[in-house]
Amino acid sequence: MKKKTLLMVALSACLLISCKGGPKGLRDNSKVDFLIDAEDIKENIDREFYKNIFDDTRIEEQWSEYGIGDPFVYRFNGMYYLYCSTKNGQVGVRAYKSSDLIHWAPCQNSSFEASYVSKEDCTLTAYAPEVTYLNGKFYMCESQSGNGHYMLESDSPEGPFVKTQDNFGESIDGSFFIDDDETVYFLRASSTGIRMIKMNDDMTVSNVAKRIATADIGGWTEGPSLIKKDGTYYLAFTGNSVLSTGYRVGYAYHNDLIEGEMFDRDGFLYGDNLLLSTDSEFNGLGHSSTVMGPNMDSYYIAYHSLESSAGPKRRFNINRLMFNGSEMIVPQYGLEDNITPQMPEFSVRDGSSLTEANSMLLSDKASGEIFTAEFNLVGAGAKCLFSYVDESNYGYISVKEEGAGHNNIVEIKMVQNGNESEVASYELKKKYDYSKLHTLRVSYSDGILDGYFDNMNIIKKVQTSFAGGKVGYTNIAAANVYYTAFSNAAHDSSQQDDYKQNRVLANTYDRKYSTINESSLVRLQERHTNGLLGSNYVKFNKNTATYKIYVKESGYYGVDMRLPQSMQGKTCQLRIDNEPYQNFKLIKFEQNDDEFSTHVGGLAISKGVHYLTVSGELGFMFRDLEFYLSSNKEETFTHALNDFVSQGVNYVNTWKLRNDGHYALSGNRQLLLFGHKGIVNSSVEVTLNLDGDTLSNTAGVVLRADNASFSNGENTNSIQGFYVGMNNSKIFITECNYNLTKTGVADAQEFESGRDYVLKAEVIGNTIKCYLDGKLMLTYVTETGPVHGSVGLYTDGAAATYKNLTIKVMK
Amino acid sequence: MRFVKKVLFPISLLALLLGGCSSNKIASGYDPFNKNGINTEPGNFDFDGNFVKPEINIDGDDNDEAWTGPNVSQTLQFSNNTNQISVKLLRGNNSLFFFFRVSDKYINAKGNDNGDDVSQSDSVEIYIDSLNDGGVAPRTDDYQINLGVHDKTRILVGSGTHWSNWNGLCQYETKISGTLNDNSDVDTGYAVEGMIPWNQIGCDKNSAFGVAFGNVNKTTTEPLEEVTWDGLIFDGVLVEPQTPNNYITYSGNNFSARGISVDDISVKGVVVDENSQPINNATIEANGEIYHTDAQGRYEIPDYSPLNPLALTISYTGYKSHKYTIHSADMILAAGDFTYDVQLLPGSGDDEAIPNYVYIGETSKKLIYVLTLEASRHDKYGLSLKLSIDSTKFDNYQQYELYIDTGSDTRTITDDESWCIAFFEDKVYFIASDPKGAVTRHSKMFMEFTAVGNVYDIYIPYALLNTNKDAVIGYSFGIWDNVIRDWEPMNREGEYSLVENPSLYVRQNPDGTVIEDNTGIADYYNYAADTRGYVNLGTFAGKAASYVTFSKITAKIDHTDASSLYVQFTTNKAKWRGEETIELFIDSGATSRTERDGNTYIMVISTGRGKIKDFHSYTKPETQLNKEQVNIYMDDTHMLVKIPYTTLNSSLTQSTILGFSFGVFNIYANDWDGYAYKNKYVDPEKPNQYVRVDSTNTIQE
């Protein structure tokens with residue numbers, strides 16, 4: 001009852017603010033300023049789901065007992081091509097194709113049996129083949145067991161690929177990147193991070209590979225995948241060992257906005273973990289590749305998960321990748337409930353499916369006001385139409401062939417009432433062969449237009465005005481038309497249409513219900529200590545952001561946010577559908593850095609599609625929000641540990657019963673987890689007795705724990721959570737998170753072996769405290785550390801007995 | 001649809017309240033915002049743990065009542081070297097329990113790590129085929145649990161081809177009667193009590209499943225010392241655990257041998273004449289059954305079990321009868337239908353490949369018995385070998401390792417083209433490529449292996465060795481004697497084939513002939529007729545090593561000949577011993593040098609047939625000097641080596657003062673002994689210590 005009263009106080013405070021804010025800002029329990037249409041909230045959502053792990057029943061002709069490792073997905077002419085590593089000791093590269101990223105069939109050419117795209121000798125144990133298309137040729141690089149690269153070429157993505165360059169070295173995991181200024185780069189793995197070389201025009205490599213600062217997952221880093229989007233470079237990479245359950249993907253980004261210059265390798269900033277899961281069914285996530293989605297306004301990340309370290313046997317997975325300014329995020333990745341990629345509104349494989357009228361080929365459908373249209377064609381001179389309203393009103397993009405000594409110009413023009421005017425043009429730096437296929441694409445939304453030539457964003461953010469309309473071609477006497485498509489999405493608008501399942505971003509709100517607009521996004525403009533430069537905050541100024549979410553299981557969901565430091569103590573408002581808003585006052589604590597992660601509160605949510613509306617007091621800002629199944633129960637869990645625990649526990653390793661307690665063996669890393677992963681504030685108290693000398697090894701407890709990996713090569717830090725531990729010479733708190741681990745605090749003191757110590761660790765909000773025998777020993781304040789997780793007993797090689805466990809879960 | 005349900009809200013709340021009452025969970029978390037009446041009450045710990053508490057006390061003692069109850073298996077017994085092992089199983093409600101008792105005089109463990117250290121330590125092994133479906137390699141339902149005396153584990157699950165790590169939550173406790181890693185006393189042994197929760201292996205209390213057991217015995221505290229492995233012998237057959245097909249079935253409380261399950265196949269093929277034209281209506285007699293070819297010459301023997309060899313006689317009027325027995329191993333390896341195409345030859349009588357065993361090599365009598373290896377290449381699908389012993393039977397204290405090499409004869413270390421088959425009695429330990437590397441495939445199933453009296457008959461499919469009938473095959477073998485605790489390698493006419501070095505293997509052509517390397521074999525030395533004037537450099541070697549005493553060899557030099565240096569050796573034994581190689585060091589550089597350089601030459605000569613094994617200057621070990629120009633002459637006790645000066649170095653002449661040192665390497669002792677001049681050791685690594693002789697045969701003291 002006391003709690004209820006407090007809540008009322010908070011609400012009335014909010015009311016006051018709202019009243020002062022103006023007539024539209026009124027929000028209280030009885031009155032909402034807009035209603036979600038009942039029809040939008042459906043029990044069964046209208047999008048299809050797919051399961052991850054594409055085993056050999058879903059992609060046929062995989063390497064047996066090896067599966068699809070190091071998947072690379074390439075989009076060309078509206079199709080997707082998936083290439084993977086060759087099983088050890090075998091010859092040949094196998095590949096698969098798909099139009100929707102979900103249904104795959106083996107590639108086929110006239111030379112080889114299904115799925116083989118090359119059988120060159122140099123494809124013996126060909127690791128991580130990757131392909132790029134450049135001016136009529138498909139180039140493939142692969143390394144034999146990782147011992148330097150070969151280059152192969154083909155006229156078709158389905159092969160046959162023929163060797164054109166002998167081993168030119170550069171280690172393993174070569175990957176192409178073509179910048180918007182037409183420069184081609186070669187990236188590859190190394191023990192100190194991803195390295196990059198500018199390629200020569202003939203696709204050879206003669207320069208020295210240079211390290212990209214921060215493109216380093218801590219130790220051996222491989223599987224680079226670099227894309228450029230809206231002027232930001234996003235580089236995903238993987239480490240450390242493919243045989244580990246803790247194999248994971250991280251990323252670095254670069255907000256280089258300088259036109260046409262080779263980007264600065266030192267300008268990259270480390271992002272965060274992108275994919276990490278050590279679940280028994282879904283672990284060892286890595287070696288990703290990033291590819292544009294079928295609607296041309298979305299991105300997907302393809303990666304493998306580890307099925308067995310023997311082989312190693314791996315499986316293909318794919319998930320939606322999203323962006324929040326410079327932040328790269330996979331909001332939901334898992335086995336189930338992955339939402340099928342959106343397809344374009346309109347697509348044809350060639351011109352024969354378009355309607356001919358007035359010497360034009362036209363689509364039978366018109367795009368909406370926001371659109372992305374793509375044209376693939378062989379031959380120069382054609383005008384690729386978009387925004388076609390009638391024969392006197394349309395836009396087009398075309399390549400204008402210049403005379404000898406000149407480069408070609410890509411131009412975008414607008415025809416209004418029969419009068420033509422130039423919108424933008426770009427002179428290509430290199431010569432291109434127009435007897436080969438090239439791709440032109442335009443994206444338009446809200447008065448802004450981008451133009452692409454062969455996936456290079458050559459025309460950037462031009463202000464203009466186009467209506468929705470058909471797509472098509474004219475002036476095609478000398479051209480052949482291939483994949484042609486449009487979708488009603490551009491400039492990340494499709495991010496806003498998707499169901500967000502775990503984590504919502506500051507720029508993915510639902511346009512229909514949100515009352516904020518782009519101007520509400522606050523871009524992080526200065527280099528910050530732990531904020532992501534260039535990422536967006538959404539700022540509330542008497543308005544709301546609404547997110548469409550899909551909830552798999554009814555229950556109580558915790559909500560965590562990452563916010564700027566200035567939001568400490570501010571009030572956030574959340575509501576589900578048309579239920580009343582709940583107000584949550586944020587934590588306040590001493591902080592040095594500019595961002596913090598915190599638990600905001602919790603909501604009861606039923607299974608199905610819902611609308612989560614976020615608002616807050618005037619000026620409230622946040623960067624992203626995570627919600628997860630939790631509990632709102634305060635409770636105490638006790639166990640003497642003199643017997644095995646049967647309830648609420650997850651034995652990650654084998655523990656022994658000795659000395660009337662749970663015993664961890666020397667030389668082993670051991671973990672015993674209590675409670676589900678949604679525990680936020682808690683304390684754990686346990687009697688700990690170190691057995692034998694402990695030098696570098698330690699034993700203790702872990703709070704907010706998740707994703708522990710115990711594979712070979714992993715160490716104490718291969719877990720996420722706060723490790724509060726001790727040995728004969730110290731007591732410490734470490735914020736563990738693999739390569740992003742923070743040292744925390746420690747105190748050098750002597751502690752005896754063979755003696756009972758009562759170790760207590762407590763995490764409330766952002767403060768972790770450690771007590772020994774009732775005395776406060778250490779206090780550590782985290783800023784962006786984990787916000788929820790399980791409670792665990794954790795050792796790093798020290799033998800120890802644990803007895804008399806008490807865990808308190810607090811609100 | 002949620003909106004409609006708003007009306008129903010009070011009902012669902014009521015339901016929640018009622019539910020709460022009965023489960024003693026009052027809705028204390030009633031939440032005015034929880035309009036949908038969603039149960040937000042499940043606590044943070046309201047789920048079943050993933051580990052089942054053992055129903056019995058896992059303490060390394062089988063004193064729990066359950067171990068004498070009705071759910072306990074018979075006790076199985078087996079031995080490993082001098083260890084005696086007993087094991088029994090207990091079906092609990094939630095878990096399988098096992099109890100090993102091992103007698104072991106010396107309890108030893110290696111390292112303090114989980115994983116491979118366990119298989120190098122005193123340990124017990126239980127293997128489970130949870131679906132009881134066999135398989136030729138461990139699959140995902142097959143588990144291997146190795147538990148060491150030092151509390152360490154190696155827990156694996158099959159991947160379809162081999163074993164990989166498994167994070168199963170097994171519980172176990174070891175109880176040692178004795179002292180770990182202390183061999184100053186004699187231990188009694190140890191016991192291991194363990195538990196595997198049924199849910200970890202997808203079984204339940206009533207499941208029938210396959211099992212195998214093993215034991216590793218580490219006899220010394222030396223970390224790198226060999227260990228011995230042995231497994232359960234059931235119905236006289238080793239239950240070889242790497243191949244789940246071999247496991248025994250545990251059903252109820254009973255163990256039973258199970259038939260190997262291999263799918264039936266079709267054996268089919270095409271019969272053609274001498275012009276490769278199909279023969280219609282040719283007769284195929286297959287194990288007594290008659291089949292005929294169709295108009296395209298095709299025949300098919302359906303639903304045939306590959307576990308039985310298939311004797312074929314294919315005949316047609318006017319043609320020889322083609323006879324061939326398809327080996328069971330080849331059909332199993334084919335893992336599917338087996339194709340056997342035949343070209344009939346005009347004429348009468350039989351067309352049948354006749355075994356043609358050729359002598360490969362033998363061991364000496366050092367280990368009491370002589371073993372002889374013969375090989376025949378008559379079979380188109382595999383190697384036929386005979387390994388015989390000059391005794392009435394094979395003894396179980398001797399283990400045999402047969403090495404087969406399918407790669408080039410220039411390789412000096414084994415690799416994945418080198419195969420090792422280790423066995424004793426009728427038990428095959430393993431077939432592995434690269435004996436130092438991972439075991440890839442192994443089972444008697446893939447080969448035929450029978451001990452008949454004093455002969456092992458062995459058939460190894462080429463497919464198992466990744467080779468074919470047209471390959472040159474290299475052989476070596478050796479015996480390990482567990483009583484003498486010594487090893488002996490094969491030799492052929494005194495030339496030893498060290499198993500570590502494929503370039504020394506005896507190689508056999510596809511036609512069965514052995515590639516004889518007779519180049520560089522010593523000519524006869526008419527010692528009595530040798531009137532050269534030598535200077536005596538004294539003797540080298542002669543030390544006693546374990547049970548072998550090195551030969552004492554006397555060396556003499558004649559440095560007065562204008563073109564060649566003459567070195568003469570004499571052994572104190574009645575005959576040269578082939579297991580020894582002489583090492584001759586010659587130095588033409590300055591006397592004061594303490595390090596060898598390009599002026600130092602090394603020649604290694606086998607005493608079996610007087611072949612030069614190695615001849616190079618110290619700085620260029622990869623470049624062999626011209627052995628052909630060196631002449632070696634031998635009789636039973638003398639050896640003369642004639643070395644033209646220019647073979648060492650084109651600018652070298654008789655006038656150069658030369659320094660000498662010597663050594664002997666004994667293969668049996670795996671040991672070396674050097675040379676002392678006037679009781680002072682002459683270190684071959686130090687040219688300044690070499691004994692120098694000038695062109696008048698005068699020693700430069």
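Sequence lines set the chain letters: A, B, ... in the order given, protein chains first and strands last, and positions in each chain run from 1.
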For A/E635, is it the side chain, the backbone, both, or neither that has a heavy atom closer than 4.5 Å to a heavy atom of chain B?
side chain
Got a donor-acceptor contact below 3.5 angstrom from the A/K656 side chain to the B/Y172 backbone?
yes
Spacing of OG belonging to A/S308 relative to CH2 belonging to B/W166, to within rounding of 0.5 Å:
13.5 Å
Pick one of side chain, backbone, both or neither for A/N668, based on which atoms fall under 4.5 Å of a heavy atom in chain B.
both
If one checks every heavy atom of A/V809 against chain B at 4.5 Å, the contacting part turns out to be side chain
Could you tell me which residues satisfy salt bridge (charged side-chain N to carboxylate O under 4.0 Å, His left out) with B/D113, sequence neighbours excluded, listed by chain and number?
none
Check whether A/I807 gets within reach of chain B through its side chain, its backbone, both or neither, counting any heavy atom under 4.5 Å.
side chain
Going from CZ on B/F45 to CD1 on A/I679, what distance comes out if it is rounded to the nearest 0.5 angstrom?
4.0 Å
Interatomic distance, CZ@A/F644 vs CE@B/M195, rounded to 0.5 Å, equals 6.5 Å
Looking at A/S666 and B/N112, what are the two nearest heavy atoms and their distance?
OG-ND2, 3.5 Å
Most contact-rich option vs chain A, by heavy-atom pairs under 4.5 angstrom, among B/D151, B/V52, B/T140, B/N114, is B/D151
Looking at chain B, which one of A/N650, A/L657, A/V652 has the largest number of heavy-atom pairs inside 4.5 Å, strictly under?
A/N650
Among the options A/L673, A/D643, A/N653, pick out the one with the most heavy-atom pairs lying under 4.5 Å from chain B.
A/D643
Check whether B/W163 gets within reach of chain A through its side chain, its backbone, both or neither, counting any heavy atom under 4.5 Å.
backbone
Interatomic distance, B/I155 atom CD1 to A/T654 atom OG1 [nearest 0.5 angstrom]
5.5 Å
Minimum heavy-atom separation for B/N44 and A/S631, please, with both atom names.
OD1-CB, 3.5 Å
Heavy-atom cut-off 4.5 Å, strictly under: side chain, backbone, both or neither for A/S711 against chain B?
neither
Under the salt bridge (charged side-chain N to carboxylate O under 4.0 Å, His left out) test, which residues partner B/K205, sequence neighbours left out?
none
